[in-house]
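Worksheet: the structure to be examined is printed underneath.
From a predicted model like this one, the values you see are computed outputs, not experimental measurements.
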Amino acid sequence: MQAIALRNDFSPFGNKLIELGYADRTQMEMALAETRSTLRPLNQVLEEITGQELAPDLQRQYKKNHLFERKILYGVDSFDPEITPIGNAEIGQLVPSIISIDIARRYQLLPLGKKETDPPSLVVAMVKPDDLAARDELKRIVSNQGLELQRLVITKSDYEKLLEDCLTETNKQKEKQQSEQAIDVTDDIANLEGIGSSENLEDVVEDDLGSTRDAQGAPIINLGNKILAKALNEGVSDIHLEPQEEFLRIRYRKDGVLTQVFKLPKKITKAVAARFKIMAELDIAEQRLPQDGKIRRMFQGRKVDFRVNSLPSRYGEKVVLRILDNSATQLGLDKLITDPETLATVRELASRPFGLILVTGPTGSGKSTSLYSVLAERNTPGVNISTAEDPIEYSLPGITQVQVIRQKGMDFASILRALMRQDPDIILVGETRDKETAKTAIEAALTGHLVLTTLHTNDAAGAIARLDEMGVEPFMISGALLGVLAQRLMRRVCEECRRSYHPKKEKLARFGLSASGSDQVTFYQANTLTSEQINEAKAKETLCPKCNGVGYKGRVGVYEVMTISERLQSLINEGATTDRIKEAAVEEGMTTLLAYSLNLVRNGYTTLEEVERVTFTDSGLEAELKAKRKSSLTCITCQAALQQEWIDCPYCMTPRF
């Protein structure tokens, strides 16, 4: 009698579940009430109430019964992807070509294909086939295409899975197409011989002047590819296309130094700028506002990205391309820092479980490379690393990287707040420029996370004043900050053609070095040749094969590490000046940028001319010497007794001042 009562009260499927002991009568009544009020599927509600998953055969039976009921309810045929499989590619061809993804989501429907009926019809699976708004929208769409509409009913779970699979497949196809469309500029290197001078390259573009005004004309396309290929072949970091009054100047930045490479006719300025804007998918009609974009090209079997920025100027749009070639950069602190003591200090800071580490320096000083070298050494399966960047310059497997999209409200601060809820161990913030980002980063550092970020300051001590200018309270700075790494990049003197010499006494004194103390040190000069000398050396086959007459090849890092001690914490809390903080850090053993760079000169890595170009003017030698003259007559490195007239220690060559 009880079984008969159950069959009268519940559906056959519900009765079967009760008979099998999956649910009792009370649970079934609760599930039915929940289903009626929330319109959620009965099987999902039952699984939550009972805490048990339905067996696969019961799931299939429920789905079959559910589809049959909906077929009767709506008066249309049903669609079950398990019985009638359909490929994601088929759906992807119709979304968004006929039905946009927004409409598919709004009305919970998906186009399944076209039927060659008379007239042809579009088959659409719908969760709610009786939705009048959806039917009106579909009728408008199919009538514009000359089609008829055929509706099918589908379960919500099947719809959601099909939609997700379709979007995944569409994204894969889009990425594949973008990769396949990336033009390989490797072959253009074969055509670079003879266009190293501005005159020869001008001849190239003069071949077809009728097309040089057109950004899609063959000469301009070839010219754009050759500019990129030559830059990649020579290992430059930036390309500058600069309109001048009488010509278009193209300069490359290599090893931190800009050099003019080409001088092109003025008449092709607009076409060249437009060509690079088309490649970067920018608006070529907009010539009054700056724009940002990206180009991807294949080069020698690897993908290379170019970050593109256009800027309206007096004589036309200036376009600058930053080359982001991850494969050309080897990450690792030991590959960057030559001084063992500095390397050990940085690694010790990076091994801390929480706190804030700042990396400072101007644009192009290698800050991102240093930060990612730290992440590469800490990147293990047991460490959760997340980043917020603009743009993402390196791709490091195993970490979560998030791109800043300011138009969508995703700035550094908002991403950082979201990352803190993602259970991170280490967080990298690409750049800290405002109070909100700075405070959020410090709060993260104070709550058990290791936070790495960058600032634009001249030296390590200047980072304290920069945070203070942003409005960060001194007690928060002193409590969170572990250390500051300031850095620069200098050109390495070419080891093949460098010349040894001994600088004059006046030049040594200018750098705080004494002639007597430098007798045992070998100084080098770069064998830099002029254009005429390079041509002569080529003719005589005496040109240096490593640097090609530049005198420098590659770059070496200059570092200044300020670890936050109790004394420095007290000075920060007291609001001490930058000079006072720097002086205290030096007294505690900090090697300044200038001292580090002079050590590089002593070790033969670079030249005094590079020191003067990069750190001498930047750090202000006179101010640094004045600040250090208060130090005692004891070498801060080897503790040897010094005489008043000695400028640097004759025993270990450490500058006293």
Side-chain angles (χ1 to χ4, degrees), residues 183 185 198 201-202 205 212-217 220-221 223-232 234 236-297 304-325 361-368 389-393 403-408 410-412 430-434 454-456 489:
I183 299 172
V185 297
S198 59
L201 188 57
E202 186 170 337
V205 298
T212 55
R213 298 180 185 276
D214 180 8
Q216 298 283 32
I220 293 297
I221 292 176
L223 174 61
N225 288 343
K226 286 179 171 61
I227 290 172
L228 298 183
K230 185 174 177 64
L232 291 170
E234 296 187 3
V236 307
S237 61
D238 300 87
I239 305 171
H240 291 243
L241 294 86
E242 303 166 316
Q244 305 296 308
E245 186 175 7
E246 301 295 336
F247 57 89
L248 172 63
R249 178 173 69 179
I250 296 181
R251 295 193 290 175
Y252 289 164
R253 185 181 294 278
K254 184 177 181 180
D255 294 334
V257 178
L258 272 173
T259 305
Q260 180 171 307
V261 184
F262 305 133
K263 189 169 71 173
L264 304 179
K266 175 70 174 178
K267 66 184 77 174
I268 68 169
T269 297
K270 287 187 177 180
V272 172
R275 177 59 196 159
F276 281 101
K277 290 174 70 174
I278 289 172
M279 294 164 72
E281 298 183 354
L282 302 179
D283 183 2
I284 61 172
E286 180 56 74
Q287 301 178 13
R288 296 173 297 176
L289 294 174
Q291 297 186 67
D292 290 292
K294 188 169 75 170
I295 299 172
R296 171 166 289 181
R297 287 294 180 266
V304 182
D305 290 331
F306 298 82
R307 190 174 69 202
V308 184
N309 177 266
S310 67
L311 178 69
S313 66
R314 181 179 181 183
Y315 298 114
E317 285 187 282
K318 176 177 178 178
V319 179
V320 176
L321 298 89
R322 165 66 61 87
I323 300 176
L324 306 175
D325 186 2
T363 301
S365 60
K367 299 188 296 296
S368 296
E389 302 172 74
D390 184 25
I392 297 174
E393 296 190 22
Q403 170 70 52
V404 169
I405 309 175
R406 291 183 175 84
Q407 299 86 341
K408 302 289 186 180
M410 285 181 60
D411 54 14
F412 283 112
E431 190 171 6
T432 298
R433 285 189 175 183
D434 55 75
T454 66
L455 283 178
H456 287 283
L489 290 176

ask   = When rounded to the nearest 0.5 angstrom, what distance separates CG in Asp390 from CG in Asp292?
value = 8.5 Å

Gap between atom CG of Leu248 and atom CD1 of Ile268 - 0.5 Å precision = 6.0 Å

request  = Test side-chain contact (heavy atoms from CB on, under 4.5 Å) on Met410 and Val404 and set out the steps.
outcome  = CA-CA 6 Å; Met410 285 181 60; Val404 169; 5.6 Å; no

Point-to-point distance, once rounded to the nearest 0.5 Å, from OH of Tyr252 to CG of Leu258 = 12.0 Å

note = Interatomic distance, CG@Asp238 vs CG@Asn309, rounded to 0.5 Å, equals 11.5 Å

ask   = Is Ile392 close to Leu324 at the side-chain level, that is, under 4.5 Å between some pair of heavy atoms?
value = no

inquiry  = Please find the pair of heavy atoms, one from Gly430 and one from Thr454, that lie closest to each other, and give the distance.
reply    = O-OG1, 2.8 Å

task = Might you work through the side-chain contact (heavy atoms from CB on, under 4.5 Å) test for Arg307 and Lys294, ending with a clear yes or no?
result = CA-CA 5 Å; Arg307 190 174 69 202; Lys294 188 169 75 170; 5.7 Å; no

query = Quick one: does Ser237's side chain have a donor or acceptor within less than 3.5 Å of a partner on Arg253's backbone?
reply = yes

inquiry  = What verdict does the side-chain contact (heavy atoms from CB on, under 4.5 Å) test give for Thr269 and Gln244, after you've listed the backbone C-alpha separation in whole Å, the side-chain angles of each residue and the deciding distance to 0.1 Å?
reply    = CA-CA 9 Å; Thr269 297; Gln244 305 296 308; over 6 Å; no

task = Identify the residue among Val308, Leu228, Ile221 that makes a side chain to side chain contact (heavy atoms under 4.5 Å, CB included) with Met279.
result = Leu228

query = If we only count heavy atoms from C-beta on, is the Thr363 to Arg322 side-chain gap below 4.5 Å?
reply = yes

key: Partner residues of Asp411 under the salt bridge (Lys or Arg N to Asp or Glu O under 4.0 Å) criterion, sequence neighbours left out   = none

task = Determine, step by step, whether Ile227 and Phe276 satisfy the side-chain contact (heavy atoms from CB on, under 4.5 Å) criterion, reporting the C-alpha distance in whole Å, the side-chain angles of both residues, the deciding distance to 0.1 Å, and the verdict.
result = CA-CA 10 Å; Ile227 290 172; Phe276 281 101; 4.2 Å; yes

query = At their closest point, which heavy atom of Glu286 faces which heavy atom of Glu317, and how far apart are they?
reply = O-OE2, 3.8 Å

ask   = So which of Arg314, Lys266, Arg249 actually passes salt bridge (charged side-chain N to carboxylate O under 4.0 Å, His left out) with Glu242?
value = Arg249

ask   = Pro243 and Gly316: which non-hydrogen atoms are nearest, and at how many Å?
value = CG-C, 3.7 Å

inquiry  = Nearest 0.5 Å, please: how far is CD1 in Ile278 from CD1 in Ile295?
reply    = 10.5 Å

note = Rounded to the nearest 0.5 angstrom, the CD1-NZ distance for Ile239 and Lys254 is 13.0 Å

